[in-house]
Amino acid sequence: MSEPLSSPTSPPETDDAPSNFVRDIIDEDLEKDTHDGRVVTRFPPEPNGYLHIGHAKSIVLNFGIAEDYAARGADTTCRLRFDDTNPTGESEAYARSIEDAVHWLGYEPDEVRHASDYFERFYEYAVTLVEKGLAYVDSQSEEEIRENRGTVTEPGRESPYRDRSVDENLDLLRRMKAGEFADGAHVLRAKIDMASEHMIMRDPLLYRIRHIEHYRRGDDWCIYPMYDFAHCLEDAIENVTHSLCTLEFANNRRIYDWILENALPEDQLPQRPHQYEFNRLNLTYTVLSKRKLRRLIEDGAVDGWDDPRLFTLAGLRRRGVPPSAIRQFCRAVGVTRSPGRVQISRFEHAVRDDLNAKAPRVMAVLDPLRVVVENFAEATGLDEDDADRLEADYWPRDITGREGTREVPFTRELFIERDDFREDPPEGFHRLAPGREVRLRHGFFLTCTGLEKDDAGNVTALRAEIDPETRSGHAPDGRNPDGTIHWVSATESLPCEARLYDRLFTHRAPDAGEEDFYEHLDPDALVTRPAARIEPSVPGTLADKPKRSDRTGGADRSSPRGGSALGAQRFQFERIGYFWPDPEDASTDRLVFNQIVPLRDSWAEEDTGLTAQELEKRRREKERERQKQRERAMAGQRDPVEDFGPEQRERFERFLKKHGLSRDDAAVLAERAALAEFFESALGHYDAPQPVANWTINELLRELDDDAPAASLAALPFGADAFARLVQLTDEDAVSAQAARKVFGEMLAGAETEPKQIVEKRNLRRLDDAAKLRRTADEVVAEHPDEAARYRDGETKLLGFFMGRIMERTRSTADAQKARAALRDVLG
RNA sequence: UGCCCGGUGGUGUAAUGGCAGCACAUCGGCCUUUGGAGCCGCUGGUGAAGGUUCGAAUCCUUCCCGGGCAGCCA
């Protein structure tokens with residue numbers, strides 16, 4: 001009976017730890033031992049607002065990596081670091097709420113740090129850059145700086161102060177720090193390149209003057225570092241190995257790398273932190289940006305940061321969403337580099353999935369309709385105002401390992417859900433209607449024998465009779481009603497208020513269009529049911545008031561808290577949804593329940609997903625869209641020669657006429673002078689234009705740095721002659737195409753650059769011995785009987801699978817033609 | 001328009017040159033004292049065109065579409 005609500009051991013959450021590109025990178029670094037087996041991550045919020053579910057994704061990512069890799073033996077650390085470099089708007093209160101939210105989510109940072117503790121060190125790094133001539137004090141006005149930055153298509157102009165001497169810069173910087181200048185009088189800038197095509201590199205600002213009190217450092221400083229300067233250094237100071245941030249910082253990686261490469265001592269560079277960007281979490285039917293959330297709150301569209309309609313962590317917490325569900329959701333959505341919008345139904349699924357096994361079932365009626373059981377006394381043998389106390393299970397039978405029951409009073413007058421009765425039931429309606437019989441959950445079968453209406457024609461009460469033989473919920477004659485409905489006693493149930501929350505916006509992407517997202521606000525996102533009734537057992541079974549003390553580390557990680565035997569905070573109101581007492585407004589005299597998430601309701605009109613028809617329509621639209629795009633793509637194709645200069649044109653013509661290349665190939669080579677030169681030089685050693693062109697374009701080109709093709713070509717460990725000999729080797733069938741690519745890989749690595757030598761050393765000569773290939777094919781087929789059967793069954797695409805196995809076994813040396821023939825032979 | 005990043009069923013995500021898989025949603029069936037849960041099944045996808053390769057979602061080229069960058073914000 002006192003079965004604890006939480007299982008003693010939490011389920012291993014790492015089981016489904018998804019593979020993602022960040023973990024791939026970490027695996028690789030661990031493999032290469034880049035960081036001596038350390039994996040150091042961090043969650044770096046600025047304490048100027050509240051956290052939302054998007055931050056939860058980042059928290060789960062960073063702390064989850066620390067947990068998972070620690071379990072695998074790595075030396076992991078994950079810190080909470082406040083990125084408090086801009087005192088405007090930052091506060092201790094925000095910092096506390098953020099730390100609290102991290103705890104609530106179930107994580108304990110290895111350490112809590114503050115960027116503001118590093119201000120002295122940042123300054124030292126700034127001095128270093130100035131001394132190296134890589135930073136200068138600029139005294140232009142804010143407007144001048146903006147104007148001189150240029151645009152995405154026009155280069156910027158250098159500041160007239162750009163060439164100040166190191167000594168002058170040092171002096172000015174010192175005086176900025178000393179408070180000799182007013183806000184905006186000077187800034188410190190990196191000296192990089194005002195003409196860079198990367199806007200971020202046009203002499204980015206490093207420090208600005210701000211005579212503002214910092215919530216932790218007081219008046220210690222009047223210059224504050226910019227994000228791009230501070231963040232990478234914070235990571236370096238903390239020995240962060242993998243610095244994870246969202247995609248919009250991808251451009252900033254250039255300056256992140258630049259600062260570290262130029263400010264850090266040489267010996268720290270090999271282990272310096274690297275930034276990786278992942279996709280931020282977006283949800284349908286809601287907004288998540290700090291700015292938009294703030295606006296909703298300040299305008300009174302919602303009731304505060306913890307309004308349960310909001311996807312702030314405070315809101316989700318108040319609504320009753322368990323942290324374990326949020327963690328699971330965050331793991332399930334995945335980490336990639338493609339931005340998208342996750343359907344809210346996935347979130348709801350995660351919450352239901354979590355609560356299904358954890359929330360005991362009770363009954364509540366949100367919109368009560370009175371039912372008078374006219375044969376009560378006669379059927380139960382009790383007095384009219386007595387109660388038949390029915391024993392009801394807290395758990396359905398498919399929830400294993402959970403037991404427990406309570407008594408539910410069954411009286412002459414009941415309440416049922418108004419929705420569960422129709423005077424004129426539509427097709428497929430399984431519930432109560434005049435003359436119909438339904439099962440009352442945990443009790444009798446009940447038949448509606450009549451109804452009462454008010455002057456307006458609204459049904460005000462029902463008359464009904466129960467079958468005395470069905471107290472157990474079963475009929476001796478085996479009949480089984482279509483529907484089962486929930487109910488409470490009219491006289492013994494308790495009044496309560498229920499708050500139902502729905503998505504805040506009616507549009508799947510409220511902030512995506514031109515229009516203001518306010519236009520999509522759903523006024524019905526909060527529906528209050530003030531006259532709800534709940535079975536009397538509930539208040540006594542509630543765990544301690546949830547309040548803000550819901551520190552159950554994600555509920556399932558620590559032992560259940562005291563309180564009643566059941567110790568539950570969250571319930572399923574049968575057939576409605578999951579609920580818990582509102583932490584602010586519920587009290588012992590006032591029952592107020594928040595709906596955490598409704599139950600899935602396959603009877604209700606589904607407005608979340610798309611119907612089959614809509615799906616079909618979408619498909620047709622997509623096909624049309626594709627057709628259109630095909631046309632657009634074709635129309636956009638232009639003659640590459642159009643933009644060519646005279647030299648390129650000349651090369652193009654030569655490749656076309658003299659070497660007989662295709663227009664595409666000729667254009668690719670002609671466009672790139674260095675590559676063209678290499679190509680023609682290779683041709684001098686092996687005069688087979690098309691094969692050499694293929695190799696140049698498809699294999700060589702990708703190894704070149706786009707920004708400096710000539711330099712990377714010159715830096716190649718081999719010349720055009722060796723390259724030509726490689727092409728010749730494969731062209732003359734001495735090695736298979738795949739083996740040739742292996743050889744090329746080794747040439748790039750540089751230890752041995754003569755193709756023939758590599759072929760000999762690695763034993764990569766083409767294998768075309770028919771008997772040998774036949775034996776290999778036999779073995780491969782014998783090893784995969786299932787696939788062989790499927791192939792013989794007509795799944796001929798599996799030939800590729802078998803080819804793969806042969807190539808694997810022969811280290812890519814097999815002659816493809818002959819191997820294929822052998823396979824066909826064996827497979828019949 | 002310069003640069004960077006991204007496009008895989010309706011949605012989110014796997015497949016690291018070798019069988020396009022998983023989850024959610026949808027639809028159908030089974031089961032059910034919750035129209036819940038569970039179980040089984042169906043439908044449906046690599047933005048386009050060329051190229052390389054025995055073999056391409058993956059490599060190359062071009063195009064199309066979407067996002068980001070011109071704060072003394074982060």
Looking only at N and O atoms, is any donor in the side chain of [X] or the base of [N] less than 3.5 Å from an acceptor on the other one?
X      : N     : value
A:D664 : B:G50 : no
A:Q690 : B:G51 : no
A:E787 : B:C19 : yes
A:R441 : B:U34 : no
A:Q629 : B:C64 : yes

Under 6.0 Å between ring centres, would you say that holds for [X] and [Y]?
X      : Y      : answer
A:F571 : A:F579 : no
A:Y224 : A:Y207 : no
A:F801 : A:H784 : yes

Sugar-phosphate, base or nothing in reach of [X], heavy atoms under 4.0 Å:
X      : answer
A:E699 : nothing
A:E147 : nothing
A:G184 : base
A:R341 : sugar-phosphate
A:T246 : nothing
A:L205 : base
A:R346 : base
A:R805 : sugar-phosphate
A:H231 : nothing
A:R352 : nothing
A:S338 : sugar-phosphate
A:H442 : base
A:Q637 : base
A:G636 : sugar-phosphate

Of the nucleotides [options], which has the atom closest to the [X] side chain?
X      : options             : result
A:H349 : B:A25, B:C54, B:C4  : B:A25
A:T484 : B:A25, B:U34, B:G18 : B:U34
A:A633 : B:C64, B:G7, B:A14  : B:C64
A:I697 : B:C60, B:C4, B:C54  : B:C60
A:F249 : B:U34, B:U52, B:A74 : B:A74
A:F429 : B:C64, B:A74, B:G35 : B:G35
A:D665 : B:G51, B:U34, B:G18 : B:G51
A:K797 : B:C19, B:G35, B:G71 : B:C19
A:Q343 : B:U34, B:U26, B:C24 : B:C24
A:M226 : B:A25, B:C72, B:C19 : B:C72

Mark yes when over 12 heavy atoms from residues, nucleotides or ligands other than A:E143 sit less than 6.0 Å from its CD; otherwise mark no.
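Yes, enclosed.
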Nucleotide forming a Watson-Crick or wobble pair with B:G66, both distances under 3.5 Å
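Partner of B:G66: B:C5.
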Is A:W603 stacked on the base of B:G35 when the test is centres under 5.5 angstrom and planes under 30 degrees?
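Given the distance and angle limits, yes, they stack.
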Inter-nucleotide [atom1] distance ([N], [M]), Å rounded:
N     : M     : atom1 : result
B:A14 : B:C22 : P     : 15 Å
B:C72 : B:G67 : C1'   : 26 Å
B:G45 : B:G35 : C1'   : 32 Å
B:C59 : B:G7  : P     : 10 Å
B:A57 : B:U8  : C1'   : 7 Å
B:A37 : B:C69 : C1'   : 49 Å
B:U1  : B:U11 : C1'   : 34 Å

Residues [X], [Y]: salt bridge by 4.0 Å N-O rule:
X      : Y      : answer
A:R361 : A:D393 : no
A:R575 : A:D601 : no
A:R291 : A:D511 : no

Between A:I209 and A:A182, what is the shortest heavy-atom contact and its length?
CD1-O, 3.6 Å
Is [X] close enough to [N] that one of its side-chain N or O atoms is under 4.0 Å from OP1 or OP2 there?
X      : N     : result
A:R824 : B:C54 : no
A:R790 : B:C19 : no
A:R202 : B:A70 : no
A:N480 : B:U32 : no
A:R702 : B:U58 : no
A:T336 : B:U13 : yes

